[in-house]
Asks: 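Structure in structure tokens, see below.
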Amino acid sequence: MSRFIEIRAMAGVNYVRAGDVIAVQFVDQQRSTVLLAGGATMPCSEPAKQVMARVEAALLPNSETHHGHGSS
């Protein structure tokens, strides 16, 4: 299951699962639109590059195991 990320939408802050983000559209230097699984769109008050950086970071594999420490 993917992690939640914070997205500053036009109507306030939202938290979405990174794995549910289908695309991030560039609108202008300070705005973007996030397209989510299921067809929802979210107009955002932050640049597309910032949103994509958080999505990509959340989707990177985590080196920790499920029991809480890094040993195998």
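Nothing fancy with the numbering, it's 1 onward along the sequence. Scope of the values below: all heavy atoms of this structure, side chains included, with no hydrogens, waters or symmetry mates.
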Asks: With a 4.0 Å cut-off on N to O distance, would you call Lys49 and Glu56 a salt bridge?
Replies: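 Not counted as a salt bridge, because no side-chain N and carboxylate O are separated by less than 4.0 Å.
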Asks: Would you kindly confirm whether Val51 and Leu59 end up in one hydrophobic cluster when ILVMFWY residues are joined by side chain heavy atoms under 4.5 Å apart?
Replies: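 As far as the 4.5 Å side-chain criterion goes, Leu59 and Val51 are connected within one cluster.
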Asks: Got Ile5 and Val16 here, is their nearest side-chain heavy-atom distance under 4.5 Å?
Replies: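 Counting from C-beta outward, Ile5 and Val16 do come under 4.5 Å.
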Asks: Given side chains that start at C-beta, do those of Gln50 and Arg8 come closer than 4.5 Å, heavy atoms only?
Replies: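 Sidechains of Arg8 and Gln50: in contact.
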Asks: Would you please test Glu46 and Ile7 for side-chain contact (heavy atoms from CB on, under 4.5 Å) and show each step?
Replies: CA-CA 8 Å; Glu46 60 183 321; Ile7 295 181; 4.0 Å; yes
Asks: Is the closest side-chain heavy-atom distance between Pro47 and Gln30 below 4.5 Å?
Replies: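 A side-chain contact under 4.5 Å exists here.
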Asks: Honestly curious: do Val55 and Leu60 fall in one hydrophobic cluster under the side-chain, below-4.5 Å linking rule?
Replies: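 In one cluster with Val55: Leu60, no.
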Asks: Does Phe26 offer a backbone N or O that forms a donor-acceptor pair with the side chain of Ser32 under 3.5 Å?
Replies: no
Asks: Quick one: CZ on Phe4 to CG on Asn14, what's the gap to the nearest 0.5 Å?
Replies: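 Going from the CZ atom of Phe4 to the CG atom of Asn14 covers 11.5 Å.
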Asks: Of all heavy-atom pairs between Ala37 and Ile22, which one has the smallest distance, and what is that distance?
Replies: N-CG1, 3.5 Å
Asks: Are Thr41 and Leu36 packed together at the side-chain level, in the sense that at least one heavy-atom pair is separated by less than 4.5 angstrom?
Replies: no
Asks: Of all heavy-atom pairs between Ala58 and Ala18, which one has the smallest distance, and what is that distance?
Replies: CB-CB, 3.6 Å
